Chemist: 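Quick one: structure below, then a few questions.
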Number of protein chains: 2
Amino acid sequence: MNINIDYQSRVPIYEQVVLEIEKMVALGVLNPGEQISSIRDLACELGINPNTVKKAYDILENKNIIVSKSTKGSFIADDVTGAKEAKVESIIKEIKTKIEELENIGMSKEEIKKRLKI
Amino acid sequence: MNINIDYQSRVPIYEQVVLEIEKMVALGVLNPGEQISSIRDLACELGINPNTVKKAYDILENKNIIVSKSTKGSFIADDVTGAKEAKVESIIKEIKTKIEELENIGMSKEEIKKRLKI
DNA sequence: TCCTTGTACTATTTGTTATAGTACAATTAA
DNA sequence: TTAATTGTACTATAACAAATAGTACAAGGA
């Protein structure tokens with residue numbers, strides 16, 4: 001399932017799994033209803049413990065991004081538009097916070113745009 | 001020394017101290033040559049262990065942001081322009097990364113600017 | 001029947017963060 | 001001189017989250 005994990009990162013593995021799957025949903029790599037790797041398979045693929053994947057899947061299920069069906073497998077939820085917009089919203093908010101930081105240090109909006117090349 | 005620590009944050013206390021002092025230097029609240037709180041004083045003020053403050057100060061000294069003089073105290077370095085620019089650079093880089101994420105999801109630069117109101 | 005699925009536990013290990021405590025040498029102030 | 005303060009340098013321990021290890025169960029599918 002092409003998930004990239006940075007084992008040196010301070011971000012916990014289970015959270016990286018969440019973020020990667022969220023990204024694939026936002027990108028349209030994973031689509032509503034689609035079955036994703038089983039907990040055991042993904043754990044094997046990433047070389048990590050099944051419990052760690054389970055933790056990530058639990059979080060994704062709580063966010064209504066995936067649905068887990070006992071004895072069947074795990075699937076992307078039927079409606080992920082809410083999750084997509086929430087992701088965009090959270091990134092926008094993070095950027096705004098950082099722009100404010102730059103302004104506090106004394107950079108103008110024009111300077112910032114110039115440095116960002118946008 | 002008006003440092004704000006979030007004890008619930010996942011960011012370690014010692015790192016929050018580093019970030020706060022870096023910010024005050026960038027903002028011009030703390031200026032070159034100026035003496036800052038002693039390790040013991042700041043620890044007391046924040047209600048944390050002196051070893052934790054010492055760790056933060058060690059990192060700041062490594063970054064050439066402060067200078068510690070045995071038996072005298074700790075001071076803002078004489079030249080912090082490099083540190084200031086490094087901070088701006090790192091924030092710019094973080095923003096760029098997040099903008100790329102939004103573009104990957106399918107947002108245009110115009111849409112992004114609109115959402116950011118810049 | 002056998003394999004796979006998600007689920008649900010407990011116990012243990014590991015690594016980082018933070019605290020506790022002590023000690024030393026050098027400077028400063030009383 | 002004396003007492004207090006400074007950064008420095010240790011060791012030991014506590015606390016916590018992350019991750020692993022291992023086991024077991026019930027249900028669906030081939």
Side-chain angles (χ1 to χ4, degrees), chain A residues 1 3-22 25 30 32-78, chain B residues 1 3-22 25 30 32-78:
Chain A
M1 206 166 47
I3 286 183
N4 242 328
I5 301 294
D6 175 4
Y7 298 94
Q8 315 311 320
S9 168
R10 188 153 59 186
V11 180
I13 295 174
Y14 73 87
E15 197 167 315
Q16 290 187 53
V17 172
V18 170
L19 292 172
E20 286 287 288
I21 290 181
E22 278 184 337
V25 169
L30 296 176
E34 184 175 335
Q35 182 163 18
I36 62 175
S37 301
S38 76
I39 290 174
R40 288 175 177 80
D41 276 1
L42 184 55
C44 192
E45 191 183 318
L46 300 179
I48 62 179
N49 195 281
N51 292 331
T52 306
V53 177
K54 165 71 172 156
K55 189 167 182 178
Y57 277 23
D58 282 348
I59 291 170
L60 287 165
E61 190 153 25
N62 250 328
K63 288 186 167 191
N64 296 315
I65 292 169
I66 71 170
V67 179
S68 292
K69 301 176 185 173
S70 207
T71 81
K72 295 217 170 171
S74 299
F75 306 82
I76 302 299
D78 287 334
Chain B
M1 205 166 47
I3 286 183
N4 241 330
I5 301 294
D6 176 4
Y7 297 94
Q8 316 311 320
S9 168
R10 186 154 60 187
V11 180
I13 296 174
Y14 73 87
E15 196 166 317
Q16 290 187 53
V17 172
V18 170
L19 292 172
E20 285 287 289
I21 291 181
E22 280 184 336
V25 170
L30 295 177
E34 184 177 335
Q35 181 163 19
I36 63 176
S37 300
S38 77
I39 290 175
R40 289 173 177 82
D41 275 2
L42 185 53
C44 192
E45 191 184 318
L46 299 178
I48 62 179
N49 194 282
N51 293 331
T52 306
V53 177
K54 165 70 171 158
K55 189 167 182 178
Y57 278 22
D58 281 347
I59 292 170
L60 287 165
E61 189 153 25
N62 250 327
K63 289 184 166 191
N64 295 315
I65 292 170
I66 70 170
V67 179
S68 292
K69 302 176 186 174
S70 207
T71 82
K72 295 218 170 168
S74 299
F75 305 82
I76 303 299
D78 287 333

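Throughout, a chain's letter reflects where its sequence line sits, starting with A, and its residues are numbered from 1. This is a predicted model, so every value here is computed, not measured.
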Chemist: For B:Lys69 and D:dT6, is the shortest distance between a side-chain N/O and OP1 or OP2 below 4.0 Å?
Modeler: no
Chemist: For D:dG7, does either OP1 or OP2 sit under 4.0 Å from a side-chain N or O belonging to B:Lys72?
Modeler: no
Chemist: I need the minimum non-hydrogen distance between A:Ala43 and A:Asn49, along with the two atoms involved.
Modeler: CB-C, 3.9 Å
Chemist: Let me spell it out: for each of B:Gly73 and A:Glu15, pick the nucleotide of DNA chain D with the closest heavy atom. Which residue's pick is nearer the 5' end?
Modeler: B:Gly73
Chemist: A:Ser38 side chain N/O closer than 4.0 Å to the phosphate oxygens (OP1, OP2) of C:dT5?
Modeler: yes
Chemist: Would you give the length of the straight line joining atom CD1 of A:Ile59 to atom CD1 of A:Ile66, rounded to the nearest 0.5 angstrom?
Modeler: 10.5 Å
Chemist: Measure from NZ on B:Lys55 to P on C:dT19 and round the result to the nearest Å.
Modeler: 11 Å
Chemist: Separation of A:Asn51 atom CG from C:dA11 atom C1', in whole Å?
Modeler: 12 Å
Chemist: Can you figure out which of D:dG7, C:dT17, C:dG6 approaches the side chain of B:Tyr14 most closely?
Modeler: C:dT17
Chemist: Give the rounded distance in Å between these two atoms: CZ of A:Arg10 and P of C:dT17.
Modeler: 7 Å
Chemist: Of the nucleotides C:dT17, C:dT7, D:dA9, which has the atom closest to the B:Pro12 side chain?
Modeler: C:dT17
Chemist: Checking contacts here: which listed nucleotide (D:dG7, C:dT17, C:dT7) is nearest the side-chain heavy atoms of B:Ile39?
Modeler: D:dG7
Chemist: Counting heavy atoms from C-beta on, name the nucleotide in D:dA19, D:dG22, C:dT19 closest to the side chain of A:Ile13.
Modeler: D:dA19
Chemist: Any idea which of D:dT6, D:dG22, C:dT5 is nearest the A:Arg40 side chain?
Modeler: C:dT5
Chemist: Taking atom P of D:dA17 as reference, at what distance in whole Å does atom CG of A:Asn49 sit?
Modeler: 19 Å
Chemist: Just how far, in rounded Å, is C1' of C:dA23 from NZ of B:Lys54?
Modeler: 15 Å
Chemist: Between P on D:dA18 and CD1 on A:Ile59, what's the gap in Å once rounded to a whole number?
Modeler: 9 Å
Chemist: Check whether any side-chain nitrogen or oxygen of A:Ser74 sits under 4.0 Å from OP1 or OP2 of C:dG6, and answer yes or no.
Modeler: yes
Chemist: Under a 3.5 Å distance rule, please check whether B:Glu61 uses its side chain to pair with a backbone N or O of B:Ser74 as donor and acceptor.
Modeler: no
Chemist: Does C:dT5 have OP1 or OP2 under 4.0 Å away from a side-chain N or O of A:Ser68?
Modeler: no
Chemist: Give the minimum heavy-atom separation between B:Ile39 and B:Tyr57, together with the two atoms involved.
Modeler: CG1-CD2, 3.7 Å
Chemist: Mind calculating the distance between CD1 (B:Ile48) and C1' (D:dA14) to the nearest angstrom?
Modeler: 17 Å
Chemist: Within less than 4.0 Å of OP1 or OP2 of C:dT28, is there a side-chain N or O belonging to B:Thr71?
Modeler: no
Chemist: When the distance from CD1 of B:Ile36 to C1' of D:dT6 is rounded to whole Å, what number comes out?
Modeler: 13 Å
Chemist: Output yes when a side-chain donor or acceptor of A:Glu20 lies under 3.5 Å from a complementary backbone atom of A:Asn4, and no otherwise.
Modeler: yes
Chemist: Applying a 4.0 Å non-hydrogen cut-off, can you work out what A:Tyr57 is touching in the nucleic acid: base, sugar-phosphate, or nothing?
Modeler: nothing
Chemist: Could you check which of C:dT7, D:dA19, C:dA20 has an atom nearest any side-chain atom of A:Ser70?
Modeler: C:dT7
Chemist: I need the minimum non-hydrogen distance between B:Ile36 and B:Met1, along with the two atoms involved.
Modeler: CB-SD, 3.7 Å
